[in-house]
Trainee: 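Structure incoming, see below.
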Amino acid sequence: MKHRITYIILMLLAAIKLAAQTQISGVVSDGKDPLPGANVFISGTIEGCLTDTLGRFSFSTTKTGEVTLKITFIGYEDHTLTADVCQLSNLSIQMKERATTINEVVVTASTFNFGKSDNFKTMDALDVVMAGNSCGDIVAALQSLPGTQKVGEDGKLYVRGGESGECQTFINGMHVLIPYSTNTEGSAVRGRFSPFLFKGINFSLGGYSGEYGQALSSVLPMETTDMATDDKYGVSASLVDWNVGGTKAFTNSSLSFNAALTSMGVYDKLFTERFDFTRPYRKLSGEAQYKREFATTSVLKTYVGYDFTSVGQQIDGRRLSLKEHNVYANATYKTTLGRGYTWFAGMANSSVFNDIDDAKAVGDHYHNFRNEVHLKTNIRKVFSDALKMSVGVEDYLRNSTMKYDIYQYHLDYNIFAAYANAQWRIVPRLFLDFSSRVESMKKNWLLMPRTTLSYIPNKQLQFSLVAGRYSQTVDDDQLAQSRNTWWQSTADHVVLSMQYHTKCTLLRIEPYLKEYHRLPLLENGAYQPDGHGSSRGVDFFLENHSLIKNLTTTFSYSFNESERFYLDYTSPKAPDYASRHNFRVSAKYGIGKAIIGVSDSYASGRHFPVGDTPYYNSVDMNLTYLVSPKVIVYTSLNNILGRTNVFRFDTKGNPVVGSRDRFFYIGIFVSLKNNKAYDISNF
């Protein structure tokens, strides 16, 4: 009897408890489709559940009276509903998509981002080093991208029908006056900076913001690595270069160094070449960096680099001798001021000394000194999730001296600039980036508005329309022969951009148009701002990682139609550096500890007064092997078919070709104090 009474009491208590519970139920959607996996719960409790595949939810609660029901889902704004629990059944919840904040927007129109922390990486430092035709050169690796044109006789960047000087390099936001090494005529140069120096490279083919000036066609901004937290040392060696360097880490700072020697002496003895070098190409270079973090809000970065290059060549009965000293240094400071403000200040100095004996005739001497001091400061403010702005000023102080026999000149001038930029989210998927830049040179003022309108319907797709005006001071040699006429050339850019990317595929299509004004034109023995030109075309880029496991394939194609009336041209015509068609296809496959790469590059012929050059073609292969976690061996062979590519014709109508048809490279890279391969000498 006693047990029966206890059982009845327990049943009554359970019934009372069940009667006290209330069922909360409903459906969560975005107004069109159900949202499975949304989190539905009573605020301040653990009572709740996730929606099923049809967006439905249902759970019980013992709460009584008024409660707050909260629904969260990634990509959508949180939804809250406060009501009596008795009213929270058979609900229909419609979530509102969360608007992307302005800081989350990455507009990719006409820009390739490398080494960033984006979901899709196109290229990082290892890709630069191990590209089939780059041999560790950033400039050579970038020439695999659409929009660039193959000019094999100097190896510099030519972008969308523009001259090589129209592409400007910046390190940590500061300008580099001469970013290339030097060499004799007909020999390709290299970029001066190691890819391991940088954590991010943003190669913009056009349409960049008002922060960057003195660039008619494109900019190459590069950001150095952050402060190191541990020590690392390494060495590397090949047939043509040797490197040693490392980093010492301290509590709030790090100091890095790198020394390198490049010499073609051994290589020239092992492999025949066409040119008669009296002194093999040699370059001795050194770099150092100091970085310091102040708390978590301020960062100081300093960099200094020095190159000494020398080479001698027997050519046309004269013994040409070339020597160049190139020094570059910068220091930048960035700090967060609070309330959404960030302040940046930087200073850079570039000095280049160039001396050539027997430059054009036996016994002559050419001397050129160029110097630039770049000063820059800006302040940025995030006003809200929909608006951020920045304003800045900068000054380029330049002087140049040239002496050649009895002819000489000295120039001393500066270019002052101010700019403002605003990024605005008009509606959740529509973004406007508007900037204006004003420059003054010898009291000649120039206003340059620039704008980018982007529609980003989802994370995979992006459409952009870019338009703006860009300027650049003409070369010092041309200024010196302009009879005290000081001016800047301008280019108007219009770019349409469509980009689609998933985890395994990147597709980009960009038609563009550039109109040039005030180009230097030689008239009556002096240069005047009367030249003009145009460049139009379309770039296509496709990269895929899904065809076969461990296989990456890329295809890039550029069509360009250029015409100019400048320099000593007597009528408008296609510039001799421009080729109409450029394409490159490549494949990289990883198998075990090895990576095998193959690529094929093609460029159509270029126009010269004596006729068109034959098409350019080069098939390149490379192999990378991880010997151990600390040792990598890399080898490549360029132009394996041995085709003799004619780059251009000289003034006498003779074809200009490279010093050799093939180039073989093998190098070993060793980390001495780290367990990560390639985390070695170059910071």
Side-chain angles (χ1 to χ4, degrees), residues 110-116 123 125 128 134 136-145 147-149 151 154-160 162-183 188-225 283 285 287 289 301-307 309 324 326-332 346-352 370-376 394 396 398 415 417 470-473 475-476 491 682-683:
S110 271
T111 301
F112 286 86
N113 302 309
F114 309 134
K116 294 293 186 181
M123 187 183 296
V128 171
S134 73
D137 181 28
I138 292 178
V139 173
L142 292 176
Q143 289 174 355
S144 66
L145 296 175
T148 61
Q149 296 178 297
V151 183
D154 66 17
K156 298 178 181 180
L157 279 173
Y158 291 76
V159 177
R160 290 180 172 173
E163 290 186 304
S164 61
E166 296 177 18
C167 177
Q168 296 295 308
T169 301
F170 297 82
I171 294 181
N172 295 337
M174 307 308 296
H175 186 239
V176 181
L177 184 62
I178 305 293
Y180 301 103
S181 62
T182 189
N183 210 332
V189 301
R190 292 170 60 88
R192 294 184 54 217
F193 306 104
S194 165
F196 294 103
L197 176 67
F198 306 103
K199 68 175 182 179
I201 301 173
N202 299 306
F203 182 37
S204 178
L205 302 170
Y208 28 96
S209 73
E211 180 179 355
Y212 297 108
Q214 292 301 296
L216 275 179
S217 285
S218 61
V219 293
L220 180 60
M222 301 187 286
E223 184 76 16
T224 57
T225 55
K283 185 178 76 167
S285 59
E287 299 168 293
Q289 283 192 97
K301 289 184 176 183
T302 64
Y303 168 84
V304 60
Y306 166 74
D307 293 344
T309 306
E324 182 182 90
N326 194 330
V327 184
Y328 176 76
N330 76 21
T332 62
M347 177 175 64
N349 184 87
S350 299
S351 298
V352 183
R370 297 184 64 189
N371 190 81
E372 176 189 80
V373 176
H374 182 205
L375 306 173
K376 179 178 179 180
E394 62 182 346
Y396 296 84
R398 295 175 176 174
I415 305 164
Y470 303 84
S471 71
Q472 187 171 347
T473 305
D475 291 346
D476 286 349
N682 299 90
F683 317 126

Trainee: Which residues pass the side-chain contact (heavy atoms from CB on, under 4.5 Å) test with Thr302, not counting sequence neighbours?
Mentor: Tyr290, Leu300, Ala331
Trainee: With heavy-atom distances below 4.5 Å as the criterion, would you say the side chains of Leu142 and Val139 are in contact?
Mentor: no
Trainee: If only atom types and distance count, is the side chain of Lys301 paired as donor or acceptor with the main-chain N or O of Thr224 below 3.5 Å?
Mentor: yes
Trainee: Restricting to side-chain contact (heavy atoms from CB on, under 4.5 Å), what partner residues turn up for Val189, sequence neighbours left out?
Mentor: Lys156, Tyr180, Ser181, Asn183
Trainee: Is a side-chain N or O of Glu394 found less than 3.5 angstrom from the main chain of Leu375, in a donor-acceptor match?
Mentor: no
Trainee: Heavy atoms, side chains only, cut-off 4.5 Å: are Phe203 and Leu205 in contact?
Mentor: yes
Trainee: Ring centroids only, cut at 6.0 angstrom: are Tyr470 and Tyr208 within range, meaning strictly under it?
Mentor: yes
Trainee: Looking at every non-hydrogen atom in both residues, tell me the closest pair between Tyr212 and Pro221 and how far apart they are.
Mentor: OH-CB, 3.5 Å
Trainee: Measure across Gly162 and Ser217 and return the closest heavy-atom pair with its distance rounded to 0.1 Å.
Mentor: CA-OG, 3.7 Å
Trainee: Give me the atom names and distance for the closest heavy-atom approach of Gly213 to Phe170.
Mentor: O-CZ, 3.8 Å
Trainee: Does a donor on one side chain and an acceptor on the other come within less than 3.5 Å for Glu287 and Tyr303?
Mentor: yes
Trainee: Are Arg398 and Asn371 linked by a side-chain donor-acceptor pair shorter than 3.5 Å?
Mentor: no
Trainee: To the nearest 0.5 angstrom, please state how far the CZ atom of Phe193 sits from the OG atom of Ser285.
Mentor: 10.5 Å
Trainee: To the nearest 0.5 angstrom, please state how far the OG atom of Ser218 sits from the OH atom of Tyr158.
Mentor: 12.0 Å
Trainee: Hey, could you give me the CD1/CZ distance between Ile201 and Phe112, rounded to the nearest 0.5 Å?
Mentor: 13.5 Å
Trainee: Would you kindly say whether Tyr328 and Asn330 are connected by a side-chain donor-acceptor distance under 3.5 Å?
Mentor: yes
Trainee: Knowing that exactly one of Met174, Met222, Arg192 qualifies, which makes a side-chain contact (heavy atoms from CB on, under 4.5 Å) with Thr169?
Mentor: Met222
Trainee: Could you check whether Arg160 and Ser110, counting side-chain N and O atoms only, form a donor-acceptor pair closer than 3.5 Å?
Mentor: yes
Trainee: Kindly indicate whether the side chain of Glu223, heavy atoms from C-beta on, has any atom under 4.5 Å from the side chain of Asn172.
Mentor: yes
Trainee: May I ask you to test the Arg370-Asp476 pair for a side-chain heavy-atom distance under 4.5 Å?
Mentor: yes
Trainee: Scan Asp307, Val176, Thr182 and name whichever one has a side-chain contact (heavy atoms from CB on, under 4.5 Å) with Asn326.
Mentor: Asp307
Trainee: How far apart are the closest heavy atoms of Ala215 and Gln168, and which atoms are they?
Mentor: CB-CG, 3.7 Å
Trainee: Using distance alone, with no hydrogens and no angle criterion, decide if Thr111 and Asn202 have a side-chain donor and acceptor under 3.5 Å apart.
Mentor: no
Trainee: On the 0 to 90° scale, with breaks at 30° and 60°, tag the His374-His175 ring pair as parallel, tilted or perpendicular.
Mentor: perpendicular
Trainee: Among residues at least two apart in sequence or on other chains, which ones pass side-chain contact (heavy atoms from CB on, under 4.5 Å) with Ser471?
Mentor: Gln214, Glu439, Leu446, Met448, Gln488, Thr490
Trainee: If you define the side chain from C-beta out and look only at heavy atoms, does anything of Cys167 sit under 4.5 Å from Leu157?
Mentor: yes
